[in-house]
Novice: 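Starting off with a structure, shown below.
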Protein chains: 2
Amino acid sequence: MTSSEQPRRRGRPTAPLLSQEKITSAAVELIELRGYSALTMAALARQLGVAPSALYNHVSNKHQLLRWIQDHVNREIDCSDFEVRPWDAALEAWAHSYRDAYARHSLLVPVIAVTPIAGSPHTVAMYEKVAAGLRAGGWPDDQVMDVVVAVESFVLGSALDAAAPDDIFDVPADQAPVLARVVGARVGRDAARAAFDLGLATVLAGLRDRLRALTP
Amino acid sequence: MTSSEQPRRRGRPTAPLLSQEKITSAAVELIELRGYSALTMAALARQLGVAPSALYNHVSNKHQLLRWIQDHVNREIDCSDFEVRPWDAALEAWAHSYRDAYARHSLLVPVIAVTPIAGSPHTVAMYEKVAAGLRAGGWPDDQVMDVVVAVESFVLGSALDAAAPDDIFDVPADQAPVLARVVGARVGRDAARAAFDLGLATVLAGLRDRLRALTP
DNA sequence: CAGGCTAAATGAGCGACATTCATATTGTCT
DNA sequence: AGACAATATGAATGTCGCTCATTTAGCCTG
């Protein structure tokens, strides 16, 4: 069934076949269809009906492509609550939305954590809203980023954890009796979700206390 | 200076040149010397004075090698406090030690988070101590792992954050004025460390509250 | 309107890796 | 002594990201 693929035209086409938007969308589609391991430059080019080398006229390398994808994913994160609800409720909703997005893109987590945000407009917009919300909620300037980073660290760690297999802590009871026991005590639930919920509730409670202590 | 490398003997040597211990140590040494990007199977073999293919008689693939390294790194994590101090103090010390270890091995973080611990003896031993400490501290069986995973998520997220460049949040003030302002308000400090300390203190405060509410 | 510059595509091919395989050698077990 | 298993070598393979020379077409300028 090798279909009749007429050899494509060389040279500059009438209208450009590629753009940042098209490349990013195709990459995200590919990831959602077949996972991150399927995201190769060759596969992406194929998806776009283009030769692999053509991509490099638009994106400098695969790492930059991942940053585009990251910014695309960040667009899905909901931080509208910061404009209409108290800081702690908004932070909770943001954290949930953030975790869910990256549970589906856990391979991006190590990329996010290390990449300057400046080149990513949606990402910058997100942090701007979060920072404004915390400041409006009474947090002092010099602690806002610490709060953001702390919560974000927990969120990204949890996103990684969400990608783990359910039996990650399974262990023979004779090797580690206490561990086997407490691991057994949480079967049935969505373990990663439960840990995230407990952790987030804990963090929020701690933050409320801390802010209260700051502003008597 | 291409030194006189006599062609090495083929076939089985009198004493095995390789073992899990030797391979892992050499890999860790290589990483500490030249970073993770230098950890290739060829470079590792070279470090051990052996042909690359010889490694595959001992380790099934690079991913398994990373798991050996992970277990090796976990051996450095200090969790002795769980046997001699209150659960919250021990948890704090553990988290610090854990973060510091993986700040130096952040490339392993996505591997840890997803790999079953069963094949890693030091890792199992670590969790056993932590679980026993929390249980002894009064935490109910069905919440111990949630606490462990929540703290671990924060720790691993923070370890990733520690590997980020200092200027990761730098942004033109006209694009995101509030963000620029709060980012500017924390210059001078070790930002990642400050966020970790704030977050850990917050989590511990929240956990103490929670346990107190459970056991009146 | 001719000539040149630039954008954007093609396809060949390179180098870095992880991994596999046929083969050789040697210690150990029967 | 002979068979087998363990452990090394080195050649080869396949996948990838990426580069480069080349081609083509639109646009700008004199």
Novice: Base contacts versus sugar-phosphate-only contacts with protein, heavy atoms under 4.0 Å: please encode nucleotides 17-22 of chain C as B, S and - from 5' to 3'.
Specialist: SSBBB-
Novice: State which residues pass salt bridge (charged side-chain N to carboxylate O under 4.0 Å, His left out) with A:D71; sequence neighbours excluded, sorted by chain then number.
Specialist: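 In terms of salt bridge (charged side-chain N to carboxylate O under 4.0 Å, His left out), with neighbours along the sequence ignored, A:D71 is linked to no residue.
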Novice: Please list, chain by chain and in numerical order, all residues satisfying side-chain hydrogen bond (donor to acceptor under 3.5 Å, both in side chains) with A:S80, sequence neighbours excluded.
Specialist: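 Counting only residues at least two positions away or on another chain, A:S80 forms a side-chain hydrogen bond (donor to acceptor under 3.5 Å, both in side chains) with A:D78.
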Novice: Could you tell me which residues satisfy side-chain hydrogen bond (donor to acceptor under 3.5 Å, both in side chains) with A:R34, sequence neighbours excluded, listed by chain and number?
Specialist: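 By the side-chain hydrogen bond (donor to acceptor under 3.5 Å, both in side chains) rule, A:R34 matches no residue at all.
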Novice: Detail all sub-3.5 Å separations between protein N/O atoms and N/O atoms belonging to nucleotides 3-7 of chain D.
Specialist:
| unit_1 | atom_1 | unit_2 | atom_2 | d |
| --- | --- | --- | --- | --- |
| D:dT7 | O2 | B:R12 | N | 3.4 |

Novice: Would you mind listing every side-chain hydrogen bond (donor to acceptor under 3.5 Å, both in side chains) that reaches into residues 149-163 of chain B, with sequence neighbours excluded?
Specialist: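 Sorted result for residues 149-163 of chain B: B:Y98-B:E152, B:Y127-B:E152.
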Novice: Show every side-chain hydrogen bond (donor to acceptor under 3.5 Å, both in side chains) that has at least one partner inside residues 165-185 of chain A, sequence neighbours left out.
Specialist: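 Every pair satisfying side-chain hydrogen bond (donor to acceptor under 3.5 Å, both in side chains) with a residue in residues 165-185 of chain A: A:R181-B:D141.
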Novice: Could you identify which residues of residues 104-115 of chain A place a heavy atom less than 4.0 Å from some atom of DNA chain C, listed by residue number, or say none?
Specialist: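 Correct list: empty, so none.
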Novice: Quickly work out the B:L55 CG to D:dG10 P distance and round it to whole Å.
Specialist: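 Between P of D:dG10 and CG of B:L55: 14 Å.
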Novice: Within this structure, what is the CG-to-P distance between B:L44 and C:dA16, rounded to whole angstrom?
Specialist: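 Spelled out: CG on B:L44 to P on C:dA16 is 18 Å.
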Novice: Scan residues 35-66 of chain A for pairs that pass ring pair (Phe, Tyr, Trp, His ring centres under 6.0 Å), counting only residues two or more places apart or in two chains.
Specialist: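 Every ring pair (Phe, Tyr, Trp, His ring centres under 6.0 Å) pair that includes a residue of residues 35-66 of chain A, provided the two are not neighbours, is A:Y36-A:H105.
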Novice: Identify the residue among A:I112, A:L108, A:T115 that makes a side-chain contact (heavy atoms from CB on, under 4.5 Å) with A:R67.
Specialist: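 Testing A:R67 for a side-chain contact (heavy atoms from CB on, under 4.5 Å) against A:I112, A:L108, A:T115 leaves exactly one candidate, A:T115.
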Novice: Please identify each residue that fulfils salt bridge (charged side-chain N to carboxylate O under 4.0 Å, His left out) with A:R75, with sequence neighbours left out.
Specialist: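 By the salt bridge (charged side-chain N to carboxylate O under 4.0 Å, His left out) rule, A:R75 matches no residue at all.
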Novice: Can you list everything that forms a side-chain hydrogen bond (donor to acceptor under 3.5 Å, both in side chains) with A:E21? Sequence neighbours excluded, please.
Specialist: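 Scan of A:E21 (side-chain hydrogen bond (donor to acceptor under 3.5 Å, both in side chains), adjacent residues dropped) gives A:S25.
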Novice: Using whole Å, what does the distance between atom C1' of nucleotide C:dA9 and atom CD1 of A:I23 come to?
Specialist: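 Rounded to whole Å, this separation is 12 Å.
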Novice: Hey, could you give me each pair passing ring pair (Phe, Tyr, Trp, His ring centres under 6.0 Å) that has a residue in residues 181-202 of chain A? Not counting sequence neighbours.
Specialist: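 Of all non-adjacent pairs touching residues 181-202 of chain A, those that pass ring pair (Phe, Tyr, Trp, His ring centres under 6.0 Å) are A:H96-A:F196, A:F154-A:F196.
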